[in-house]
Participant: 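One structure, pasted below without further comment.
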Amino acid sequence: MLGTDLIGKALEVLKARPLCDRCLGRLFAGLGYGWSNLERGAALKKVIVMSYHERIREGDEGALREFGEVAGNIGAHASSLYRLLFDNELEVRECSLCGGRLDGFIEEVAVRGSKLLSLYNISRFVVGVRVPRGLLELEESIALQHGLRYWESIRSEIRREVGKAIQSRFGLKVDFEDPEAMLVVSYPDLSLEVVISSLYIRGRYWKVGRMISQAYWPTVGGARYYSIEQALYGILEVLGGESVVLHASGREDVDARMLGSGRPVIVEVKAPRVRRPDLGLLERVVRESSGGLVMVKLEGLARRRDVKAYKEEVAVRSKVYRALVAVDGGVSPEDLRMLELLNGVTVLQRTPKRVLHRRRDMVRSRKLYEVKCRLIAGPLVECLIRASGGLYVKELVNGDDGRTKPSFTEVLGRRAECLELDVLYVEEHPALQPPTQQSQESRPQQG
Ligand SMILES: [Zn+2]
């Protein structure tokens with residue numbers, strides 16, 4: 001008969017241990033749709049009580065005795081029939097999984113959690129749940145022992161029910177894609193914690209001065225150089241965050257400027273109190289706090305998953321550099337023609353000696369698309385160099401004792417040295433382009 005196995009299994013479980021409606025229903029969570037586990041548990045228990053009543057009315061003495069024993073594990077749904085049959089009050093046993101606390105727990109967490117989230121100005125959130133390992137193991141062993149296949153864990157029930165309650169009653173939104181914070185709930189001790197998600201802002205930076213590092217460079221006596229990250233600290237004061245991290249597509253040398261198109265970056269602000277920043281204000285704060293040495297253009301908000309694309313080496317297709325080069329013994333027009341013969345060559349570079357302490361020694365090949373040179377005076381040449389991302393330009397010039405081939409030094413047969421370097425243009429991968437305005441506007445209007 002339809003349902004016999006299901007009811008039989010539920011009864012088998014209840015004979016073994018007392019369970020509240022919610023904890024019984026959870027063991028059958030994958031059956032039926034659009035109900036809470038509370039409703040599932042109550043439905044199963046009512047059908048079980050009705051089946052006993054049917055057999056008892058037909059004079060089954062064994063059923064009467066069995067009902068007397070199991071009624072305490074079933075709880076409130078059995079109490080009226082128990083009183084009718086035994087003329088006595090039923091002693092309801094406490095749920096062996098949650099002690100009858102789960103309903104109240106979910107209710108209280110929803111109320112306190114929504115207040116806490118509002119305090120932090122959070123409107124999109126996810127719920128994280130900590131449950132003692134012993135409880136999770138007990139649940140699993142019950143499911144295994146009774147051959148149950150459609151159960152879910154108390155952790156996933158709390159996560160869903162708390163999220164649902166906060167969303168439906170307090171107007172905040174559960175958002176797995178782009179949460180502003182995670183509400184971390186500990187069961188059963190009711191401690192709550194809000195873990196604020198980082199804020200990601202995409203944009204570009206310009207480094208107008210030299211001797212500025214990209215990341216904060218700590219030494220015993222303070223920072224080695226002023227850094228872009230330090231220039232961004234002003235953002236923290238405006239947004240009330242804990243720290244700021246720069247995710248950039250590559251970096252230039254400390255002594256090289258970043259001009260022209262700027263370098264694409266994502267600025268990560270950890271644990272901000274403000275989530276809808278005035279980007280223009282942040283740009284001004286960076287410019288003023290760095291005395292104009294560092295500038296940013298902030299284009300909009302990004303997501304955590306965008307960071308990876310920005311940091312990958314393929315993110316940058318090519319770069320244009322301006323190099324001021326000095327050549328031993330001066331430069332002739334013939335020398336300039338020799339240098340421009342490098343157009344289109346592939347440069348093989350062993351890891352430069354100056355970065356060997358932090359980079360693996362290997363040979364990599366980079367494309368040199370174009371070299372244009374202009375004599376300035378005596379030994380000085382200004383060169384515009386367009387190359388694939390990751391080419392070490394200083395070594396392209398000086399040859400790094402033969403570790404870079406070909407090089408300016410090799411081609412000219414005299415020592416060439418890069419005195420000044422600027423990055424003028426960063427051609428980024430299309431994946432880094434922000435979504436078009438059109439796709440944002442074409443969303444259907446909510447009426
Ligand atoms: Zn329970």
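Every value quoted in this text rests on a predicted model; they were computed, and no experiment measured them. Residue numbers run from 1 in the order of the sequence given. Whatever order the structure lists them in is the order used to number ligands and atoms, beginning at 1.
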Participant: Assess the side chains of E180 and N121: does a donor N or O sit below 3.5 Å from an acceptor N or O?
Facilitator: no

Participant: Quick one: do the E54 and S51 side chains pair a donor with an acceptor below 3.5 Å?
Facilitator: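 No, S51 and E54 have no side-chain donor paired with an acceptor closer than 3.5 Å.
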
Participant: Who passes salt bridge (charged side-chain N to carboxylate O under 4.0 Å, His left out) against R93, sequence neighbours left out?
Facilitator: none

Participant: Establish, from distance only, whether the side-chain atoms of Y205 and Q214 form a donor-acceptor pair under 3.5 Å.
Facilitator: yes

Participant: Side chains of S153 and E139 only: does a donor on one sit below 3.5 Å from an acceptor on the other?
Facilitator: no

Participant: Can you list, by chain and residue number, the protein N, O or S atoms under 2.8 Å from the Zn ion (ligand 1)?
Facilitator: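 Listed by chain and number, the atoms are C20 SG, C23 SG, C95 SG, C98 SG.
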
Participant: Let's go through V426 and M258 carefully: what are the C-alpha distance in whole Å and the side-chain angles of both, what is the deciding distance for side chain to side chain contact (heavy atoms under 4.5 Å, CB included) to 0.1 Å, and is it a yes or a no?
Facilitator: CA-CA 9 Å; V426 177; M258 179 67 235; 3.6 Å; yes

